[in-house]
Number of protein chains: 2
Amino acid sequence: MSAPRDSQGTPPGTTRRRGRPAGRTVADGVIADREILLEAAEGLIRENGPSVSLEAIATRAGVTKPTLYRELGDKDALVNALAERLAVRMATAVTALVGQASVPFEGLRNLVSGYLDFAARERHLYLFITAGGARDDRVQQALLLADGAARQFAEPIADYRSRRNADASVATVWSYGLLGALHFVTLWWLKDEAVDIELVIDQITSLLWSGMRLED
Amino acid sequence: MSAPRDSQGTPPGTTRRRGRPAGRTVADGVIADREILLEAAEGLIRENGPSVSLEAIATRAGVTKPTLYRELGDKDALVNALAERLAVRMATAVTALVGQASVPFEGLRNLVSGYLDFAARERHLYLFITAGGARDDRVQQALLLADGAARQFAEPIADYRSRRNADASVATVWSYGLLGALHFVTLWWLKDEAVDIELVIDQITSLLWSGMRLED
DNA sequence: ATCAAAAATCTACCAATGGTAATTTAATCT
DNA sequence: AGATTAAATTACCATTGGTAGATTTTTGAT
């Protein structure tokens with residue numbers, strides 16, 4: 001917005017202090033700094049949407065790019081870190097909902113509902129992680145959130161089936177299938193949120209629970 | 001690779017002819033040029049993977065960037081055009097397989113199998129379209145292939161259910177769910193192709209056909 | 001035939017951005 | 001106190017998407 005005279009985010013009149021900062025020792029506040037950077041990134045993404053530059057993140061965190069690189073690695077690492085955080089928060093929220101269910105079907109429905117709700121609430125962040133940031137290797141970017149989540153889902157699925165003497169080896173593939181279905185429906189729904197969400201939840205839950213077949 | 005002296009792909013000794021080319025009239029071979037450019041893009045992606053620059057594409061097509069922009073618009077338009085082509089080819093291949101089935105279940109299985117096969121055969125192109133190219137707005141990039149395909153799938157699904165007096169309004173959501181499941185399983189499987197493909201096909205077909213439930 | 005306007009193309013550039021090298025400042029060690 | 005090391009900054013590089021302006025040929029009017 002306000003054009004900075006410098007390539008960095010230094011205020012136009014002043015000069016940023018250079019060199020090692022006062023009262024800062026080896027591996028002192030490293031985790032704190034990491035946290036501050038990730039927080040800055042999340043903030044920017046929430047406010048300005050999924051396209052964000054490392055420069056902007058560094059500036060918001062009060063540092064410069066090389067510091068950001070030192071703390072986080074490269075942009076892929078940043079996206080990874082954000083994905084991990086989001087996956088944890090998402091899993092926590094969704095798991096709590098699933099736990100409230102009294103029967104498996106209700107558990108699945110809560111899962112679907114929780115997923116869509118969470119994605120809608122963290123719209124920009126969700127889109128950044130699943131379709132946004134990485135420079136190269138965008139290939140598995142789409143699976144970033146999914147890889148974590150799929151592992152989380154595989155175990156309950158396998159358990160559920162084992163307890164009922166059904167083939168549990170499907171758990172991994174089903175996890176990815178489940179996540180993919182949720183993800184695409186989410187993307188489609190987020191585009192304009194034109195359809196009633198409860199209807200969408202019912203329909204996709206029905207597909208995942210009962211499948212498409214009408215006869216045996 | 002071989003560093004060009006020029007910023008363009010001009011051979012080091014020569015100078016590229018400038019200006020309007022001989023024997024070229026308004027809207028003459030426009031479609032042909034478009035085709036050549038798209039072909040060049042596909043070739044490069046097949047050979048070098050999903051990361052490709054517009055410069056490289058233009059050079060391979062024997063033109064320069066401004067010409068490419070005149071023919072295609074911007075990079076998003078290029079990705080769009082490639083997605084459309086791929087969607088058509090994919091739909092053709094898959095539809096043929098589905099048509100060979102004698103019962104609906106077999107149709108679905110052929111669909112799944114055809115999707116995975118096609119993606120594996122056009123690995124780089126598939127990844128470029130679904131996870132690769134677009135500059136901004138990568139958001140709906142993930143849905144590029146899906147949007148076309150989902151429309152294709154929605155009608156058969158609705159038909160199938162209508163004929164059996166089942167609720168056909170699920171068709172749209174199910175299409176995206178189906179595509180999402182296929183896409184994620186495909187990405188996961190393409191990562192290292194470690195699992196037997198027939199097993200994957202069986203498992204994901206089972207999920208889509210019968211769902212996850214074990215009891216009513 | 002001649003000359004102006006329009007069309008198609010290239011060269012040369014710009015801006016944004018991911019990433020890094022060299023430099024400066026402060027803390028720590030001997 | 002002086003040397004070494006760690007942290008951070010400035011200033012830069014390379015790539016790449018995109019565009020402005022120069023250049024050449026066709027087209028069309030006089």
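Keep in mind the model is a prediction, meaning the values are calculated, not measured.
- Side-chain proximity of A/Pro66 to the nucleotides C/dG19, C/dA21, C/dT9 is greatest for C/dA21.
- At D/dT9, one or more side-chain N or O atoms of A/Thr64 fall inside 4.0 Å of OP1 or OP2 (strictly under the cut-off).
- Across the protein-nucleic acid pair, A/Lys75 atom NZ and D/dT15 atom C1' stand 14 Å apart, rounded to whole Å.
- Here A/Asp196 pairs with A/Glu198, A/Leu199 under the side chain to side chain contact (heavy atoms under 4.5 Å, CB included) rule; sequence neighbours left out.
- Sorted by first and then second residue, the pairs that involve residues 87-99 of chain A and meet side chain to side chain donor-acceptor pair (under 3.5 Å), not counting sequence neighbours, are A/Arg89-A/Glu122.
- Taking atom CG on B/Asp76 and atom P on D/dG17, their separation rounds to 11 Å, with Å as the unit.
- For the pair A/Arg60 and A/Glu47, the minimum side-chain heavy-atom distance is below 4.5 Å.
- Evaluation of the side chain to side chain contact (heavy atoms under 4.5 Å, CB included) rule for B/Glu193 yields B/Arg123, B/Trp189, B/Leu190 as partners, not counting sequence neighbours.
- An OP1 or OP2 oxygen of C/dC10 is reached within less than 4.0 angstrom by a side-chain nitrogen or oxygen of B/Thr67.
- Taking atom CD1 on B/Ile36 and atom P on C/dT9, their separation rounds to 11 Å, with Å as the unit.
- Rounded to whole Å, atom P of C/dG19 lies 17 Å from atom CZ of A/Arg70.
- Put simply, CG on A/Leu54 is 20 Å from P on D/dC13, counting in whole angstrom units.
- Distance CD (A/Glu71) to P (C/dG19): 16 Å, rounded to an integer number of Å.
- Distances were taken from every side-chain heavy atom of A/Ser53 (C-beta onward) to each of D/dG18, D/dA20, C/dT17; the shortest belongs to C/dT17.
- Side-chain atoms of A/Lys65 and base atoms of C/dG19 include a donor and an acceptor less than 3.5 Å apart.
- Residues satisfying the side chain to side chain contact (heavy atoms under 4.5 Å, CB included) criterion with A/Leu78, sequence neighbours excluded, are A/Leu38, A/Ala41, A/Leu54, A/Ile57, A/Leu72, A/Leu82.
- Applying the side-chain hydrogen bond (donor to acceptor under 3.5 Å, both in side chains) criterion to A/Ser169, with sequence neighbours excluded, gives A/Asp167, B/Gln203.
- For the atom pair B/Phe184 CZ and B/Thr130 OG1, the distance stands at 10.0 Å (nearest 0.5 Å).
- Taking atom CG on B/Leu68 and atom C1' on D/dT19, their separation rounds to 13 Å, with Å as the unit.
- Side-chain atoms of A/Tyr69 lie closest to C/dG19 of the nucleotides D/dT19, C/dT9, C/dG19.
- Each end of the helix from C/dA1-D/dT30 to C/dT30-D/dA1 yields a helix axis from five base pairs, and these two axes differ in direction by 20° (to the nearest 10 degrees).
- In this structure, A/Leu72 atom CG and D/dA7 atom C1' are separated by 15 Å, rounded to whole Å.
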